[in-house]
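Contents: one structure, followed by commentary.
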Amino acid sequence: MAKINWEDPQVRWNYRHTASHIMAQAVQNLWPGTKLAIGPAIENGFYYDFDTEHKFTEEDFLKIQKEMKKIIQANHKLERSEMPREEAIKFFEERNEPYKVELIKDLPEDETISLYAHGDFIDLCAGPHMESTGQIKAVKVMSVAGAYWRGDSNRPMLQRLYATAFPSQEELDEYINRLEEAKKRDHRKLGKELGLFTFRDEAPGFPFYLPKGMVLKNKLIDYWREIHKKWGYVEISTPQIMKRTLWETSGHWEHYKDNMYTTLIDDEDFAIKPMNCPGSILVYELEPRSYRELPLRYGELGLVHRHELSGALHGMFRVRCFTQDDAHILLAKEQIKDEVVRIASLLDEVYTMFELPYSIELSTMPEDHIGTREDWQRAEDALAEAITSIGKEYKVNPGDGAFYGPKLDFRVLDSLGREWQCGTIQLDYQLPGRFNLEYTGSDGQKHTPVMIHRVVFGSIERFLGVLTEHCAGKFPLWLAPVQVKLLTVTEKNAEYALRVKEELEEAGLRVELDDRNEKIGFKLREARNLRDSYICIIGEKEAENNTLTVRSSKLKDEIGEMSVSEFKTRLLEEIDKKINDSIFA
RNA sequence: GCUAGUGUGGCUCAAUGGUAGAGCAGCGGUAUCGUAAACCGCAGGUUGGGGGUUCGAUUCCCUUCACUAGCUCCA
């Protein structure tokens, strides 16, 4: 038996796919009559969807693992076979596997129907697989959750068992360990521990920013303003609540009503804005526009409210009210390509600065769309070209665009490897038309502009959540709520410490002084747990030499003793350059 | 919203069908101390809310709220 090459993604995929077949068999052995749905390999593991009366609990996991071990030890060969379509349907009907029958019926007529068998287990499967079940070494059932058959919320909900498999117990243990470590940087946990943001039962899905979180938010916004000025945007702010009639014109009332909070003012229907676009449009509409003004870039830090389903809420990643770092750009069709390149460059500049790895997805024309195929094609090409021009790659999501235009999504990972959409660039051919927007071209004729909706952070909330996990609470100095924490060794040093604090604060640094009557080890531990950027020890020696003994939460070792003025200069440089690591590294 | 699970003082956790216990944090003292938790004492909870079963519920049941994982949907 050839040694497996675990580094090869295809091998990992086959390995876990085979493990998923083994799990399916184990479950059917333990709970006969269980119907099988699908069981693919996924990032870091695999799952299988089951339909059974039995409700899986965590106690079942060990039982299933034991049963899987038996199948592994039997070292069955995996054997591929093919079946004509009708025969395959009959075969699975006889075995009482309605989900498999449905899958086969949905396969194209000319598709080869293949099955994989090991021992007395057989499953509809395109493969490929490992050679034998004995090659699977370490398996672990991780969790159980509901999942709709074929991802359709109108269809029955099945039970999905998530599991993983590794070539050795050590690698499995290491993976479990990594998960534990990742959980420690969960932004919900850190948000509370570091005093950044939190939630209360009284307001599900509506975040509270605590004083330190407010520093983060404000600094992020300062940066946003700076960079948008540089890229030619103007900033506006539009009302929180506007008349229902406006939302009817924009189409939101029809398409988005269930997510909108509404209110009554003087017996008239109003809605709290779930999106900022209509506000921008009303600003554009204020006066006749000329081609000379285009592209007109309206930036808006818009606070929006959306009624998200309760089960969808997820810390700062998914909330019911959030600030979008929005912009609506009105421009002529001919300008689309250049403008999209510009936006993609802006996005890349920001993500690169934060060292956030991201992936890009291009969502194309859905079946239900408005506008001509030619317009769509041109728009999709413009988006694709923009990405290529900044040297990035993208994945296509066919038919996944909004009904009014195609879009590019910028996706970032959280600490557990879940993807969250942050930035997005959406082309919109519809809204300007609905509002009869126009501009006068160089030809003296009236034209309808195109609108681009785009966000860079996505939302301040989601971005801060992602950032918190990305840097495990050790924020870049320019964002850090506490840039310097001063710790006195004894009460005798308090006076000097206070002078240092004032000097650093005068330079604009965010400084906290801990002169409590506690041991230095105690105060240091606390400061480190709070991820305060630079922690300075102040004792006799320092007071005498007019120095500080410096450590950084980003570096393991002590940085050493230095003069207050040098420390100050270095920190100001680190802030100015917006670097992510310590300047002393 | 759906499926499953969880809910005990600010935090982390314990306990039991007989009306809750610890550590940390807090407060009051003592120690003035050099790099990840000094010591002593005090105070703090109608066990998420409501209802039911029971002589008795935090424990069992129902319901509701919130959270967690996933599905669906999305910034």
Side-chain angles (χ1 to χ4, degrees), chain A residues 42 47 49 55-58 60 142-162 183 186 188-189 192-193 198-205 256 258-259 274-276 302 304 306-326 402 407 409-412 416 418-424 426 453-466 487-494 516-529 535-542 549-551 553 556-559 561:
Chain A
I42 52 172
Y47 68 78
D49 286 348
K55 302 271 178 235
F56 294 120
T57 66
E58 288 189 21
D60 295 331
M142 305 292 290
S143 62
V144 57
Y148 298 111
W149 168 234
R150 310 206 105 176
D152 184 341
S153 55
N154 298 313
R155 315 250 351 222
M157 182 164 270
L158 309 170
Q159 295 186 76
R160 175 172 297 177
L161 285 174
Y162 283 91
K183 277 184 195 153
D186 188 312
R188 292 167 295 194
K189 182 174 148 69
K192 214 190 239 187
E193 280 175 14
T198 193
F199 293 86
R200 299 270 323 215
D201 281 7
E202 289 84 345
Y256 212 71
D258 293 344
N259 285 40
M275 295 182 189
N276 303 300
V304 296
R306 299 181 184 175
H307 181 73
E308 300 293 345
L309 293 176
S310 58
L313 302 178
H314 189 116
M316 295 294 262
F317 289 159
R318 193 72 180 276
V319 288
R320 284 180 172 151
C321 95
F322 53 100
T323 301
Q324 290 183 301
D325 64 317
D326 218 344
K407 58 177 185 159
D409 290 332
F410 291 65
R411 304 167 75 89
V412 182
L416 286 170
R418 292 173 291 212
E419 272 197 341
W420 295 92
Q421 181 189 319
C422 287
T424 174
Q426 306 186 355
H453 313 244
R454 52 105 280 191
V455 287
V456 181
F457 301 140
S459 74
I460 302 282
E461 286 70 18
R462 181 173 288 182
F463 195 78
L464 279 181
V466 165
L487 308 180
T488 51
V489 176
T490 75
E491 285 176 336
K492 291 181 205 130
N493 319 119
R516 285 175 305 169
N517 190 13
E518 294 287 351
K519 294 183 85 166
I520 192 72
F522 176 84
K523 294 199 277 193
L524 179 70
R525 178 185 143 84
E526 202 173 270
R528 291 197 69 125
N529 285 340
I535 302 166
C536 302
I537 312 289
I538 292 179
E540 285 297 303
K541 190 175 59 168
E542 288 80 5
T549 299
V550 181
R551 326 185 48 131
S553 63
K556 248 190 152 167
D557 300 320
E558 182 181 305
I559 292 164
E561 192 177 343

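Computed from a prediction, not measured in an experiment: that's the story for all the values here. So you know, we letter chains A, B, ... as the sequences are listed, proteins then strands, and number each from 1.
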Completion exercise
Regarding the side chain of A312(A), the nearest nucleotide among C11(B), U35(B), U72(B) is U72(B)
Practice task
Report which part of the nucleic acid E58(A) touches: base, sugar-phosphate, or nothing (heavy-atom distance under 4.0 Å, all strands).
Solution key: nothing
Problem - Phosphate OP1/OP2 of C2(B) contacted by S153(A) side-chain N/O (<4.0 Å) - result: no
Practice task
Please name the pair of heavy atoms, one in V456(A) and one in D325(A), separated by the smallest distance, quoted to 0.1 Å.
Solution key: N-OD2, 3.0 Å
Practice task
Describe the nucleic acid contact of V304(A) in one word from base, sugar-phosphate, nothing, applying a heavy-atom distance below 4.0 Å.
Solution key: nothing
Handout entry: Value in whole Å for how far the C1' atom of U12(B) lies from NZ of K189(A)
Key = 9 Å
Exercise for the section: Verify whether one side chain among N276(A) and Q324(A) offers a donor that lies under 3.5 Å from an acceptor in the other. Expected result: yes
Practice task
Quickly work out the R528(A) CZ to A37(B) C1' distance and round it to whole Å.
Solution key: 14 Å
Exercise for the section: For D258(A) and G1(B), give me the distance from atom CG to atom C1', rounded to whole Å. Expected result: 11 Å
Exercise for the section: Among A36(B), C11(B), A75(B), find the nucleotide with the atom closest to the side chain of K192(A). Expected result: C11(B)
Practice task
Just call it for R462(A): base, sugar-phosphate, or nothing, with non-hydrogen atoms closer than 4.0 Å on any strand.
Solution key: base
Problem - Side chain to side chain, F322(A) and R306(A), heavy atoms closer than 4.5 Å - result: yes
Practice task
Examine the side chains of E558(A) and T549(A) and answer whether a donor and an acceptor come within less than 3.5 Å of each other.
Solution key: no
Exercise for the section: Can you check whether any acceptor in the base of C74(B) is under 3.5 Å from a donor in the side chain of N259(A), or vice versa? Expected result: no
Handout entry: Pair D186(A) + R188(A): basic N to acidic O under 4.0 Å
Key = yes
Practice task
Could you work out which one of G34(B), A36(B), A66(B) sits closest to the side chain of V489(A)?
Solution key: G34(B)
Practice task
Give the rounded distance in Å between these two atoms: NZ of K519(A) and C1' of C39(B).
Solution key: 10 Å
Exercise for the section: Provide the Watson-Crick or G-U wobble partner of U16(B), both distances under 3.5 Å; none if there is no partner. Expected result: none
Problem - Out of U35(B), A36(B), A75(B), whichever nucleotide has its closest atom nearest the side chain of T549(A) - result: U35(B)
Handout entry: cation_pi(R160(A), Y47(A)) dist<6.0 Å, angle<=45
Key = yes
Practice task
Remember a base hit wins even if backbone is also touched, and classify T57(A) as base, sugar-phosphate or nothing at under 4.0 Å, heavy atoms.
Solution key: nothing
Practice task
Under 4.0 Å between any heavy atoms, over every strand shown, what does E540(A) touch: base, sugar-phosphate, or nothing? Just pick one.
Solution key: base
Exercise for the section: Both distances under 3.5 Å, Watson-Crick or G-U wobble: report the partner of U47(B), or none. Expected result: none
Problem - Polar side-chain contact Q159(A)-U3(B) base: donor and acceptor under 3.5 Å - result: no
Handout entry: Counter-base of U68(B), judged by Watson-Crick or G-U geometry with both distances under 3.5 Å
Key = A4(B)
Completion exercise
The Watson-Crick or G-U wobble partner of A25(B), with both key distances under 3.5 Å, is none
Practice task
Using only heavy-atom distances, decide whether a donor-acceptor pair under 3.5 angstrom links the side-chain of E542(A) to the base of G34(B).
Solution key: yes
Exercise for the section: Compare side-chain N and O positions of R418(A) against OP1 and OP2 of A69(B) and report whether any pair is under 4.0 Å apart. Expected result: yes
Handout entry: Along RNA chain B (nearest heavy atom to each residue), the more 5'-positioned of L416(A) and T490(A)
Key = T490(A)
Problem - d(CE, M142(A); C1', G5(B)) in whole Å - result: 16 Å
Practice task
Go through the N and O atoms of the side chain of Y148(A) and the base of G70(B), and report whether any donor-acceptor pair is under 3.5 Å.
Solution key: no
Practice task
Scan G311(A) against the nucleic acid and name what it touches under 4.0 Å (heavy atoms): base, sugar-phosphate only, or nothing.
Solution key: base
Practice task
Scan I520(A) against the nucleic acid and name what it touches under 4.0 Å (heavy atoms): base, sugar-phosphate only, or nothing.
Solution key: sugar-phosphate
Practice task
Select base, sugar-phosphate, or nothing to describe what F522(A) touches, counting heavy atoms under 4.0 Å on all strands.
Solution key: sugar-phosphate
Handout entry: base_contact_polar (C71(B) base, R150(A) side chain, donor-acceptor, <3.5 Å)
Key = no
Practice task
Using only side-chain N and O atoms of H314(A), determine if any of them is under 4.0 Å from OP1 or OP2 of C67(B).
Solution key: no
Exercise for the section: Identify whether any heavy atom of N517(A) sits under 4.0 Å from a base atom; if not, whether one sits that close to sugar-phosphate; answer base, sugar-phosphate or nothing. Expected result: base
Problem - Position toward the 5' end of RNA chain B (nearest nucleotide), F56(A) or V550(A) - result: F56(A)
Handout entry: Under 5.5 Å and under 30°: W420(A) stacked on A75(B)
Key = no
Exercise for the section: Mind calculating the distance between CZ (R188(A)) and P (C11(B)) to the nearest angstrom? Expected result: 16 Å
Problem - Pairing of R516(A) and E518(A) as salt bridge, 4.0 angstrom limit - result: no
Practice task
State which residue, out of R320(A), H314(A), R318(A), fulfils the side-chain hydrogen bond (donor to acceptor under 3.5 Å, both in side chains) condition with E308(A).
Solution key: R318(A)
Practice task
Rounded off to whole Å, could you give me the CZ-to-C1' distance for the F317(A) and U68(B) pair?
Solution key: 15 Å
Handout entry: Side-chain (K523(A)) to main-chain (T488(A)) donor-acceptor, under 3.5 angstrom
Key = yes
Exercise for the section: Describe the nucleic acid contact of G458(A) in one word from base, sugar-phosphate, nothing, applying a heavy-atom distance below 4.0 Å. Expected result: sugar-phosphate
Exercise for the section: Scan V455(A) against the nucleic acid and name what it touches under 4.0 Å (heavy atoms): base, sugar-phosphate only, or nothing. Expected result: nothing
Handout entry: A75(B) OP1/OP2 closer than 4.0 Å to side-chain N/O of Q421(A)
Key = yes
Handout entry: Complementary nucleotide for U32(B) - Watson-Crick or wobble, under 3.5 Å
Key = none
Practice task
Please state how far atom CD in E308(A) lies from atom P in U72(B), giving the value in whole angstrom units.
Solution key: 15 Å
Completion exercise
Looking only at C74(B), A38(B), G70(B), the nucleotide nearest the Y162(A) side chain is G70(B)
Practice task
Examine G34(B): is either OP1 or OP2 under 4.0 Å from a nitrogen or oxygen in the side chain of K523(A)? Give yes or no.
Solution key: no
Practice task
Could you check whether G521(A) gets within reach of a base, just the sugar-phosphate, or nothing at all, counting any heavy atom under 4.0 Å?
Solution key: sugar-phosphate
